[in-house]
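One structure below.
If you read the sequence from its start, that first residue is 1, and numbering goes on from there.
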Amino acid sequence: MSPCCETCTAPTTSHNPSVKIIVMAVAGELSQEVTRDIQEYAEYLEVPNIEYSNTLEPRYSKNWFKLNAWNMTEYTSIIMLDADVIVTQDLSHIFSLPTDFAWCYLNAPNNHNWNAGGFIMLRPCQPVFEHMLRVLKADESKRFPKELAEQAFLSWYFEYTGMRLPLIYNANRIFLQENGLTVSGVAPAVAHFAEKAAKPFDVSEGDPRWKYMCYRYKQRHRKHSPLFAPLKS
């Protein structure tokens, strides 16, 4: 049983029982054991690799595969989530927004206008997908090799047509108070565990996002459990 799969999918389906969950990965990147584990919780989809080097953070070069979501034209709308987020509310209203792209700021608006990749709503469109690839092939600067890669690119691409959402749809720990609410006293719709040291399957009691973890996870990962191991029966 994968703690990552369980902690990410259980809250999403609890609050959004009618949605279809798809885990997208580059073909051949995950082992058969991992893919079987994923398929216990969601549909598994392999997509072609899209990769451009990044000097700010080499791992960002792997993030471009997310663009494959625009080629999933069998769906009219997609909410694309990072694997380190926890959905805490019904998100169905997002699909009704009058836009083809919706995202949250990376940080407070006075710091960055780039989108934060943890939460994106998009409308798949093959011509848009193909145009994105042509732009990236023709203009190296649009790969933002010294910046946040696909996050910066998507912010540029949809600058005048996209819709910016409140931070509750991508609430990192820095936006949450000890009670788990935002500084304006609102519960996040999507809690994002963006820090390297605190992923959803590692978080413990005391973290403001603990309250949003699913019940089964809490039972096995109480604060007094050594190394977050399952409680002994």
Side-chain angles (χ1 to χ4, degrees), residues 4-5 8-9 12 21-31 34-35 38 42-72 75 78-87 100-107 111-126 128-159 162 164-165 167 169-174 190-202:
C4 179
C5 290
C8 293
T9 60
T12 302
I21 297 180
I22 301 172
V23 175
M24 183 173 66
V26 172
E29 194 169 74
L30 302 179
S31 67
V34 171
T35 57
I38 290 173
E43 180 178 320
Y44 175 67
L45 176 66
E46 290 191 336
V47 297
N49 189 29
I50 303 173
E51 186 172 336
Y52 294 107
S53 61
N54 188 280
T55 56
L56 176 65
E57 179 65 66
R59 64 188 176 91
Y60 292 165
S61 66
K62 301 288 187 179
N63 291 352
W64 291 97
F65 87 102
K66 296 178 182 180
L67 298 186
N68 284 291
W70 273 268
N71 202 32
M72 297 170 61
Y75 304 102
I78 292 175
I79 291 178
M80 183 160 54
L81 304 169
D82 280 2
D84 57 356
V85 305
I86 297 295
V87 175
D100 291 333
F101 183 78
W103 78 100
C104 298
Y105 283 111
L106 171 69
N107 209 317
N111 290 337
H112 294 295
N113 288 331
W114 295 329
N115 85 85
F119 179 100
I120 289 173
M121 191 284 290
L122 63 99
R123 314 283 188 196
C125 177
Q126 188 173 4
V128 170
F129 173 67
E130 294 174 348
H131 182 252
M132 287 178 173
L133 297 185
R134 289 198 302 271
V135 169
L136 291 168
K137 182 178 180 179
D139 188 348
E140 183 177 347
S141 70
K142 295 302 182 290
R143 304 171 193 170
F144 296 90
K146 298 180 181 180
E147 300 177 37
L148 295 182
E150 93 294 349
Q151 296 184 32
F153 170 74
L154 292 173
S155 299
W156 168 81
Y157 195 90
F158 292 101
E159 180 178 4
R164 294 170 177 82
L165 298 175
L167 291 174
Y169 293 101
N170 203 340
N172 204 341
R173 181 164 58 179
I174 60 175
V190 177
H192 194 176
F193 297 70
E195 306 96 315
K196 294 181 180 179
K199 294 304 179 184
F201 39 89
D202 293 326

Please examine the side chains of [Y] and [X], heavy atoms only from C-beta on, and report whether any two atoms are closer than 4.5 Å.
X      : Y      : value
Arg123 : Phe101 : no
Leu154 : Phe158 : yes
Leu133 : Ile50  : yes
Phe129 : Met72  : no
Val87  : Ile79  : no
Ile78  : Ile120 : no
Leu67  : Leu136 : yes

Atom [atom1] of [X] and atom [atom2] of [Y]: how far apart are they, to the nearest 0.5 Å?
X      : Y      : atom1 : atom2 : result
Glu147 : Tyr60  : CD    : OH    : 11.5 Å
Tyr169 : Cys104 : OH    : SG    : 8.5 Å
Arg164 : Ser155 : CZ    : OG    : 7.5 Å

Counterpart residues, salt bridge (charged side-chain N to carboxylate O under 4.0 Å, His left out), relative to [X] (two or more places apart):
X      : value
Glu43  : Lys20
Glu29  : none
Lys142 : Asp139
Lys66  : Asp82, Glu150

Query - Any residue meeting side-chain contact (heavy atoms from CB on, under 4.5 Å) with Glu51, in chain and number order, not counting sequence neighbours - result: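 side-chain contact (heavy atoms from CB on, under 4.5 Å) list for Glu51, sorted by chain: Asn49, Ser61, Lys62.
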**Report entry** Listed partners of Ala102 passing side-chain contact (heavy atoms from CB on, under 4.5 Å), at least two apart
**Finding:**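 Ala102 satisfies side-chain contact (heavy atoms from CB on, under 4.5 Å) with Leu97, Thr99, Met121, Met163, Leu165 once adjacent residues are dropped.
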Where [X] and [Y] come nearest, the two heavy atoms and their spacing:
X      : Y      : answer
Ala25  : Leu30  : CB-CD1, 3.8 Å
Met80  : Trp70  : CE-CZ3, 4.3 Å
Ser141 : Pro145 : O-CD, 4.2 Å
Gly118 : Asn170 : N-ND2, 3.5 Å

Report task. Could you walk me through whether Phe119 and His192 pass the side chain to side chain contact (heavy atoms under 4.5 Å, CB included) test, one step at a time? Result -> CA-CA 9 Å; Phe119 179 100; His192 194 176; over 6 Å; no
Query raised in the report: What residues form a side chain to side chain donor-acceptor pair (under 3.5 Å) with Glu46, not counting sequence neighbours?
Result: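 With sequence neighbours excluded, Glu46 shows a side chain to side chain donor-acceptor pair (under 3.5 Å) to Tyr44, given in chain and number order.
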Query raised in the report: In chain order, what residues pass the side chain to side chain donor-acceptor pair (under 3.5 Å) check against Glu130, with sequence neighbours excluded?
Result: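 Partners of Glu130 by the side chain to side chain donor-acceptor pair (under 3.5 Å) criterion, ordered by chain and then number, come out as Gln126.
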**Report entry** For Tyr157, all residues meeting ring pair (Phe, Tyr, Trp, His ring centres under 6.0 Å), sequence neighbours excluded
**Finding:**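 Checked Tyr157 against ring pair (Phe, Tyr, Trp, His ring centres under 6.0 Å); matches are His131, Phe153.
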